[in-house]
Enquirer: 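I'd like to ask you about the structure that follows.
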Amino acid sequence: MVTDVLKEMMNAALSAAAVDGAIALEAMPPVEFERPRKREHGDWSTNVALAAGRGGDNPRAIAQALIDRLPPSDMVESVEIAGPGFLNFRLAPKWLHDVVFRASDPKSGFGRTDEGAGIKVNVEYVSANPTGPISVVGGRHAAVGDALSNLLEATGHEVVREYYVNDAGRQIRLFARSLSVRYLEQFGVPGEIPEDGYQGEYVIVLARRLAEELGDRLVHASEEERDATMRRIGLERMLAEMRATLERFGTHHQVWFLESSLQESGATRSAIEKLGAGGWVEERDGARWFLSSRLGDDKDRVLVRSSGEPTYLASDSAYLLDKSRRGFDRLIYILGAGHHGTVPRWLAAAEALGIDRSRVEMPLIQNISLVRAGVTVRASKRAGNVVPLDELVDEVGVDAARYNFLNRSLESPLEFDIDLVKQQAPENPVYYVQYAHARISSILKKAEEKALRVQDAELGMLTHEREDSLMRKLAAYEETVPDAAHRRAPQRLTRYIEELATDFSAFYRDCKVVTDDQQLSKARLRLCLATKSVLADGLSILGVSAPERM
RNA sequence: GCGCCCGUAGCUCAGUGGAUUAGAGCGUCCGGCUACGGACCGGAAGGUCGGGGGUUCGAAUCCCUCCGGGCGUACCA
């Protein structure tokens, strides 16, 4: 990346200036390059001189001293001092030509870095209770988790996508109970859904199917046996359904981890013991408490209820240990905003178990409100009025749904206007971007018919203002991907892709690609090819398709 | 009460590890098509960055405080 080259040059200048006493430095100021908003301010700008001038020296004088000591480079055309002491760099055309060549060559690794090489990351996301269909909220989680995983892979990390299934606690029991009641109803046996049970229509649908498949043989079974069967089959069916929903949505979890497996293997018990051995557990009122308040939590938390049943926290502790044993350097849990209260206890558990808490990361995704015909639809799983992800996908399609989930920062509540997202029109950014891609495909096809070859393109031909803007935007891809990965901010990539499509459209409008001028046509084709590759690559990181025609 | 998130253009939102004149999409208004896909392009109007204080040469960005909205505050997660 160019900024690496520029930083190196700047550091060399700083050292030189420090050595010959031109500037007094207590410590080397950090060199950061950023893109100026205004083109007149050059291609790249740094404020090192201002940072170095904190001691009171004149930043502009420092800036000049640094310029005088910059090593020569064929990348840099000129450097200017601006305003209070900014250094504005103008780069040589070679820089952009290099970008276009690399961007249009799939083997160049354009937009990829290896900063994550050797780092193993576990990304756990969605992990909704297996007691109902994946909801639209789950969809946002799926889109974000998948895009973040892709971003981490693009920056060289080894990623495992994981789904944790809470199949051992109270919720699954309530679900089984609710299913039993609905099953019995099929045979005219009245019953009542337990308080906090599952009222959703889908429970009735499933019960009806089970009634057909199993007949009435469970009607006369003991309640215990009936519930156990409902639990087993219900879980199996729900998991299959959830998996199908997620696959259809284009996300794939490599690992489906069952909470029950931790209890069966004794991992939960040994995690509790390990916490106890560390002196983090205390018996109180017949329950066993984890002393999380000593590790930054507001209060202590129950690990084992007085009934003897472990809480989720006990399983979660065992799960932390399990992940750690599997060799992950980083554990990312993508959680819903409603779980923020649990974060301190998880981090406390990690620390008590000897897992450095800085290795555990818990981004919180805010809620969604669905708007249809101007009316907000609120969701609640137990009341049964969730909007299933499948329903949303039926209505707006996978691409539009994903794109809109990835359009905003995670920590921002998202208003999802179904009518708006459904529009297959250029006003809808996802189609605007896809259209740009399809249009390039069409141009390339046309060029192929004319037997134009891009290999020997002379990029010096690209001097039009639109071409220049487009090349600069392509160059920005190399910073955008790692930046989005670092910040866990897929929306940065979404924005970028949109800007790229915009710059391409302007270029397309003003610069005819396939003309009688062979040299110019080849150069422009190469630029088209580069743009197409980057659009397709960015979209694939987001999990959105890049159609050849629409 | 306490904790977390949000408050930026009419609407939906970027930008928030300070830095040169605050952005996008939609909507509104004006202009441009015998087009390699017009599902487009160009331009305009529109903002005391929730209010107030502070730190700084410089704050949408950092600190304090207040207001408004959401969520959480269980031997549920």
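Bear in mind that the values here come from a model prediction, so they are computed numbers and not experimental data. Chain identifiers are assigned alphabetically (A, B, ...) following the order of the sequence lines, protein sequences preceding nucleic acid strands; residue numbering begins at 1 within each chain. Heavy-atom basis, side chains included; hydrogens, waters and symmetry copies ignored.
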Enquirer: Please pick, from rG37(B), rC6(B), rG32(B), the nucleotide with the shortest atom-to-atom distance to any side-chain atom of P413(A).
Expert: rC6(B)

Enquirer: Could you tell me whether A438(A) contacts a base, only the sugar-phosphate backbone, or nothing, with contacts defined as non-hydrogen atoms closer than 4.0 Å?
Expert: base

Enquirer: By nearest atom, which of the nucleotides rC71(B), rU16(B), rC76(B) is closest to the Q171(A) side chain?
Expert: rC76(B)

Enquirer: Within the structure, does a side-chain N or O atom of R439(A) lie under 4.0 Å from either OP1 or OP2 of rG38(B)?
Expert: yes

Enquirer: Could you tell me whether K446(A) contacts a base, only the sugar-phosphate backbone, or nothing, with contacts defined as non-hydrogen atoms closer than 4.0 Å?
Expert: sugar-phosphate

Enquirer: Can you see if the side chain of Y508(A) gets near the phosphate of rG42(B) - specifically, an N or O under 4.0 Å from OP1 or OP2?
Expert: no

Enquirer: From the set rC76(B), rG25(B), rU20(B), return the single nucleotide nearest to any side-chain atom of R305(A).
Expert: rC76(B)

Enquirer: Under 4.0 Å, counting only non-hydrogen atoms across every strand here, what does K445(A) touch: a base, just sugar-phosphate, or nothing?
Expert: nothing

Enquirer: Side chain of R408(A) only, heavy atoms from C-beta on: which candidate in rU12(B), rU20(B), rG37(B) is closest?
Expert: rU12(B)

Enquirer: Please classify the nucleic acid contact of S442(A) as base, sugar-phosphate, or nothing, using heavy-atom distances under 4.0 Å.
Expert: base

Enquirer: How far apart are the closest heavy atoms of A350(A) and V360(A), and which atoms are they?
Expert: CB-CG2, 4.1 Å

Enquirer: For a quick check, tell me whether the side chain of S306(A) and the base of rC75(B) share a donor-acceptor pair closer than 3.5 Å.
Expert: yes

Enquirer: Taking for each residue the nucleotide of RNA chain B with the nearest heavy atom, is it E548(A) or E498(A) whose nucleotide lies nearer the 5' end?
Expert: E498(A)

Enquirer: Counting side-chain heavy atoms from CB outward, which of rG37(B), rC36(B), rC5(B) is closest to E411(A)?
Expert: rC5(B)

Enquirer: With D297(A) as reference, evaluate K299(A), R294(A), R301(A) under the salt bridge (charged side-chain N to carboxylate O under 4.0 Å, His left out) test and give the passing residue.
Expert: R301(A)

Enquirer: Heavy atoms only, 4.0 Å cut-off, all strands: where does R492(A) land among base, sugar-phosphate and nothing?
Expert: sugar-phosphate

Enquirer: Is H339(A) side chain donor-acceptor paired with the rG72(B) base, going by distance under 3.5 Å alone?
Expert: no

Enquirer: Of the listed nucleotides (rG42(B), rG37(B), rG3(B)), which one gets closest to any side-chain atom of Y435(A)?
Expert: rG37(B)

Enquirer: Which sits closer to the 5' end of RNA chain B, Q491(A) or G286(A), going by the nucleotide each is nearest to?
Expert: Q491(A)

Enquirer: Does Y333(A) have K323(A) sitting over its ring (NZ/CZ under 6.0 Å from centre, angle to axis within 45°)?
Expert: yes

Enquirer: Find the distance E80(A):CD to rU20(B):C1' and express it as a whole number of Å.
Expert: 13 Å

Enquirer: Which one is paired to rA19(B), where only Watson-Crick or G-U wobble pairs with both distances under 3.5 angstrom count?
Expert: none

Enquirer: Would you classify C511(A) as touching base, sugar-phosphate or nothing, given that sugar-phosphate means primed atoms plus P, OP1 and OP2, and contacts are heavy atoms under 4.0 Å?
Expert: base

Enquirer: Apply side chain to side chain contact (heavy atoms under 4.5 Å, CB included) to residues F257(A) and D322(A) and explain how you reach the verdict.
Expert: CA-CA 10 Å; F257(A) 196 100; D322(A) 187 89; 3.4 Å; yes

Enquirer: With a 4.0 Å cut-off on heavy atoms, is L335(A) in touch with a base, just the backbone sugar-phosphate, or nothing at all?
Expert: nothing

Enquirer: Can you confirm if the aromatic rings of F504(A) and H437(A) lie within a centre distance of less than 6.0 Å?
Expert: no

Enquirer: For rG43(B) and rG51(B), measure between their C1' atoms and round to the nearest Å.
Expert: 36 Å

Enquirer: Side chain of S505(A), heavy atoms from C-beta onward: which of rG37(B), rC4(B), rC41(B) has the nearest atom to it?
Expert: rC41(B)

Enquirer: As a test of reading the structure: which of rG32(B), rG37(B), rG72(B) is closest to the side chain of M550(A), going by heavy atoms?
Expert: rG37(B)

Enquirer: For the side chain of V302(A), starting at C-beta, report the closest nucleotide among rC71(B), rA39(B), rC75(B).
Expert: rC75(B)

Enquirer: So, the side chain of R524(A) versus the backbone of K512(A): is there a donor-acceptor pair under 3.5 Å, distance only?
Expert: yes

Enquirer: Between rC36(B), rA24(B), rC71(B), which nucleotide gets closest to the side-chain atoms of I443(A)?
Expert: rC36(B)

Enquirer: Counting only Watson-Crick pairs (N1-N3 plus N6-O4 or O6-N4) and G-U wobbles (N1-O2, O6-N3), all under 3.5 Å, who is the partner of rG1(B)?
Expert: rU73(B)

Enquirer: Using a cut-off of strictly less than 4.0 Å, decide whether S412(A) has a side-chain nitrogen or oxygen near OP1 or OP2 of rA14(B).
Expert: yes

Enquirer: Base, sugar-phosphate alone, or nothing: which one does T515(A) contact when heavy atoms must sit under 4.0 Å apart?
Expert: nothing

Enquirer: Between the side chain of S260(A) and the main-chain N/O of D167(A), is any donor-acceptor distance below 3.5 Å?
Expert: no

Enquirer: Does a side-chain N or O of R487(A) approach OP1 or OP2 of rU16(B) to a distance below 4.0 Å, or not?
Expert: yes

Enquirer: Mind checking if R345(A) touches a base, just sugar-phosphate, or nothing, with heavy atoms under 4.0 Å?
Expert: base

Enquirer: Would you indicate, yes or no, if rA24(B) has its OP1 or OP2 atom less than 4.0 angstrom from a side-chain nitrogen or oxygen of Y496(A)?
Expert: no

